[in-house]
Amino acid sequence: MSLSIDEVRHIARLARIELGEGEAQDTLDKLNNIFGLIEQMQAVDTSQVEPMSHPQDVAQRLRDDIVTESDRRDAYQRVAPQVEAGLYLVPKVIE
Amino acid sequence: MIEASLKDLAAALRAGTLSSVELTTLFLDRIDALNPSLNAFITVDRDGALTAARAADARIAAGTAGPLTGIPLAHKDVFCTEGVRTTCASKMLAEFISPYDAHVVSQLKAAGAVMLGKTNMDEFAMGSSNENTHFGPAKNPWDTGRVPGGSSGGSAVAVAARMAPMATGTDTGGSVRQPAALTGVTGIKPTYGVVSRYGMIAYASSLDQGGAFGRSAEDCALLLSAMAGFDARDSTSVERETEDYTRDLGKPLAGLRIGLPKEFFAEGMDDDVRTAIDAALDQYRQLGATTVEVSLPNAKLAIPAYYVIAPAEASSNLSRFDGVRYGHRAPEYTDLADMYSKSRAQGFGAEVKRRILVGTYVLSHGYYDAYYLQAQKLRRLIAEDFIAAFTQCDVIAGPTSPTVAWPIGEKSDDPVQMYLQDIYTIAVNLAGLPGLSLPCGTGANDLPVGLQLIGNYFDEARLLNVAHGFQQATDWHQRMPAVG
């Protein structure tokens, strides 16, 4: 398979990564090389194989539904680019 | 003193012939002297290290010291350290100061180890050469024109150049074992789930595992014993009793069955690497081990499967970097979507972006079965190959890397060539098995060659035993590059 430059732009949009005009072609070439490698997977018949999502086939642990964390909002917000009155600031979304 | 084992350092500290402040100062000064040429450290925390060293000296005086109390170490800059910046070698996190410690970091603090600083790496642990970094490449101390391997390149360099007696790393596809091999140190990646991932910045969560670098298997065993253990804050941490990984170090190797995967010895390995590996296997036979051919028929599919699974998980994990709660935010943007796109475009390096794009594509509508599901099925086949092989042998051995360290820049513009460097290590992560690399000889230009040992699930103590037995009979692990 081979991606088109429009597909690369579409993926970049989905991934929320701005792709400059000059970058698109180089990105396309490199992604196509990577997918060339990945395509080797398709040669194997896996119709009878169960997918393995994880090295340990164990169930997720459950815990009691009680508060275990202390309030550290100020510490966590100190690393944010822009906060005000305990809120994260972003550009206006709704007019 | 920079040559002493962790055991000897602990003995000297306990005997009072050396203080932790003196030892810490020695290594800090060595970092100051060597880091400009090797670039192993992104951040050095001299004040914090000396404060921790004074506390360690008090603890030693009080008689409450453990085996690592007062001994300096370096953390890969993927582990969050409260109050000391954690960059993941990315512009995205260049100014990030974590509000909490990773589990590994708090474990080692509790053990009294003294953190010297944070080491260079491939950005977000994506890479095999330590060239994908916002802070400039780390250099191989055996030849500063060559790469040290990656992604935990800085930690490997720090131990190889004796800038730190021990260092932490992480291994998603070979990122502890391969740099250990290329720099001539010992490195172990335990079974998936043994070391908590809490506070370890995520790349591919079903593969990421913390590991240890040391100058010997014995040193790795001591460090891993302090790092490992159940942690309820990591949902995939395994609930097992804490282990003393040094317990089997002295066991004789007579009767050990070493499996040699015929696929690893078929083609692709450079001749100089093969010669060193063959000599190491002869050494094992002299120590009483036997070798048996085993087969991992699906191992060749590990790289394609990995480059679907790891980017898929990465695209999900790295979606958290949006310029809102932490990390880089673009200075100029038109609206929220534009802020996300520009912040991520500016904050991530080229390889990280590529993997996010690959992951986004393989998870996107209509492609899930063909890529992600197929890769997970191959993952099962790869894991089953190992399980079958371990019915015939106790450990599996082979090369860690197909080549010795290569010149900086040689593969950095060709992602696929770079990916193929991890041909022998990636299958181990897909299966979730423990793996270790130990220096076993030299290849072209006197560069180190690493022997990889792969164990069955939770067989870390045996892997360390098998490596230690070799190191008792040889001196490859004691060779030191001429730096400084």
Side-chain angles (χ1 to χ4, degrees), chain A residues 1 3 7-8 10-20 23 26-28 30-58 60-61 63 68 72-83 88-93, chain B residues 96-99 191-193 206 232 235-236 238-239 298 300-301 303-305 307-308 315 319 322-329 333 335-342 344-345 348 353-354 356-358 360-362 364 370-371 373-381 383 414-416 419 431-432:
Chain A
M1 68 153 250
L3 293 172
E7 282 175 303
V8 169
H10 177 63
I11 303 164
R13 238 185 338 269
L14 291 176
R16 297 287 185 269
I17 294 175
E18 186 180 74
L19 205 57
E23 291 172 280
D26 183 56
T27 303
L28 173 68
K30 291 204 166 91
L31 290 187
N32 275 331
N33 284 341
I34 295 168
F35 277 102
L37 180 77
I38 289 173
E39 286 304 316
Q40 294 171 16
M41 290 198 318
Q42 310 302 347
V44 187
D45 176 8
T46 55
S47 50
Q48 303 303 312
V49 182
E50 276 294 302
M52 172 174 164
S53 59
H54 210 270
Q56 261 98 41
D57 289 322
V58 290
Q60 289 288 297
R61 280 187 302 278
R63 63 167 176 83
T68 54
R72 296 194 60 206
R73 188 180 71 182
D74 291 348
Y76 291 134
Q77 291 203 329
R78 250 196 305 278
V79 290
Q82 219 185 343
V83 291
Y88 293 96
L89 297 192
V90 295
K92 196 181 226 177
V93 181
Chain B
F96 177 70
I97 296 182
S98 171
T191 306
Y192 182 87
S206 78
S235 64
T236 59
V238 288
E239 293 186 65
N298 294 291
K300 61 181 183 298
L301 298 165
I303 290 186
Y307 279 100
V308 170
S315 72
S319 65
D322 56 5
V324 175
R325 289 157 302 158
Y326 36 70
H328 176 75
R329 177 183 286 197
Y333 41 83
D335 56 21
L336 184 62
D338 193 47
M339 187 188 88
Y340 292 149
S341 301
K342 284 199 164 66
R344 290 163 64 78
F348 293 138
K353 288 184 208 175
R354 273 195 291 275
I356 291 173
L357 294 177
V358 170
T360 303
Y361 182 77
V362 300
S364 62
Y371 292 107
L373 206 62
Q374 175 73 355
Q376 288 193 326
K377 289 176 170 185
L378 295 177
R379 186 174 188 177
R380 167 95 48 206
L381 294 178
D414 189 344
V416 169
Y419 298 173

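Order of the sequence lines fixes the chain letters, A, B, ..., with proteins taken first and strands second; residue numbering starts at 1 for each chain. Atoms considered below: every heavy atom in the structure, side chains included; atoms not considered: hydrogens, waters and symmetry mates.
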Can A:R61 and B:E239 be said to form a side-chain contact (heavy atoms from CB on, under 4.5 Å), step by step? CA-CA 10 Å; A:R61 280 187 302 278; B:E239 293 186 65; 3.0 Å; yes
B:Y307 meets the ring pair (Phe, Tyr, Trp, His ring centres under 6.0 Å) criterion, sequence neighbours left out, with B:Y419
Quick one: what part of B:S315 sits under 4.5 Å from any heavy atom of chain A, side chain, backbone, both or neither? neither
To the closest 0.5 Å, what do you measure between OG (B:S364) and CD (A:E7)? 9.0 Å
Work out which heavy atom in A:P55 is nearest to a heavy atom in B:G432; give both atom names and the distance. CB-CA, 3.8 Å
When B:P99, B:A305, B:S341, B:G323 are compared by non-hydrogen pairs under 4.5 Å with chain A, the top option: B:S341
Within this structure, what is the CZ-CG distance for the pair A:R16 and B:L336, rounded to the nearest 0.5 Å? 8.5 Å
Per-residue tally against chain B (heavy atom, under 4.5 Å) across A:V8, A:T68, A:L37 peaks at A:L37
Quick one, A:E50 with B:Q376, criterion side-chain contact (heavy atoms from CB on, under 4.5 Å). Give me CA distance, side-chain angles, the key distance, then yes/no. CA-CA 8 Å; A:E50 276 294 302; B:Q376 288 193 326; over 6 Å; no
Could you grab the distance from atom CZ of B:R354 to atom CD1 of A:I17, nearest 0.5 Å is fine? 11.5 Å
Can you tell me which portion of B:Y333 sits under 4.5 Å from chain A's heavy atoms? Options are side chain, backbone, both or neither. side chain
The interface call for A:L89 against chain B, heavy-atom contacts under 4.5 Å, is backbone
Only pairs of heavy atoms separated by less than 4.5 Å count here; which of A:V93, A:I38, A:L3 has the most with chain B? A:I38
Proximity breakdown for A:Q56 and chain B, heavy-atom pairs closer than 4.5 Å: side chain
Between the side chains of A:Q77 and B:Y326, is a donor N or O closer than 3.5 angstrom to an acceptor N or O? no
Side chains of A:T46 and B:Q374 only: does a donor on one sit below 3.5 Å from an acceptor on the other? yes
Value rounded to 0.5 Å, distance of CZ in B:R380 from CE in A:M52: 6.0 Å
Run the ring pair (Phe, Tyr, Trp, His ring centres under 6.0 Å) test against A:H54 and tell me which residues pass, sequence neighbours left out. B:Y192
Nearest atoms (heavy-atom pairs only) where B:M339 meets A:V90: CE-CG1, 4.4 Å
Chain B contact via A:R72 - side chain, backbone, both or neither, heavy atoms under 4.5 Å: side chain
Do you know the tightest heavy-atom contact between A:Q60 and B:S235? OE1-CB, 3.5 Å
Audit row: B:Y371, A:E39, side-chain hydrogen bond (donor to acceptor under 3.5 Å, both in side chains) steps and yes/no: CA-CA 9 Å; B:Y371 292 107; A:E39 286 304 316; 2.9 Å; yes
Could you have a look at A:Q82, A:R63, A:R13, A:R78 and say which one has the most heavy-atom pairs with chain B under 4.5 angstrom? A:Q82
Quick one: CG on B:L357 to NE2 on A:H10, what's the gap to the nearest 0.5 Å? 12.0 Å
Could you tell me if the ring centre of A:F35 sits under 6.0 Å from that of B:Y361? yes
When only pairs under 4.5 Å are counted, which of B:S98, B:S206, B:A232 shares the most heavy-atom pairs with chain A? B:S206
Between A:I11 and chain B, which part of the residue has a heavy atom less than 4.5 Å away: side chain, backbone, both or neither? both
Given a strict heavy-atom distance threshold of 4.5 Å, which part of B:T191 is in contact with chain A: side chain, backbone, both, or neither? side chain
What part of B:V416 gets within 4.5 angstrom of chain A, counting heavy atoms only: side chain, backbone, both, or neither? side chain
Okay, A:V44 and chain B: the region with an atom under 4.5 Å from a heavy atom over there is both
Considering only heavy atoms, which portion of B:D322 lies under 4.5 Å from any heavy atom of chain A: side chain, backbone, both, or neither? neither
Just give me the residue among B:D414, B:L381, B:N298, B:D338 that pairs up with chain A most often, heavy atom to heavy atom, under 4.5 Å. B:L381
Tell me whether B:R344 contacts the main-chain N or O of A:A15 through its side chain, where contact means a donor paired with an acceptor under 3.5 Å. yes
Heavy-atom contact with chain B under 4.5 Å, split by part of A:T27: side chain
Nearest-0.5 Å distance that lies between atom CE in A:M41 and atom CD1 in B:I303: 13.5 Å
Interchain contact, B:A431 with chain A, by part (heavy-atom threshold 4.5 Å): backbone
Evaluation steps, salt bridge (Lys or Arg N to Asp or Glu O under 4.0 Å), between A:E18 and B:K342: CA-CA 6 Å; A:E18 186 180 74; B:K342 284 199 164 66; 3.1 Å; yes
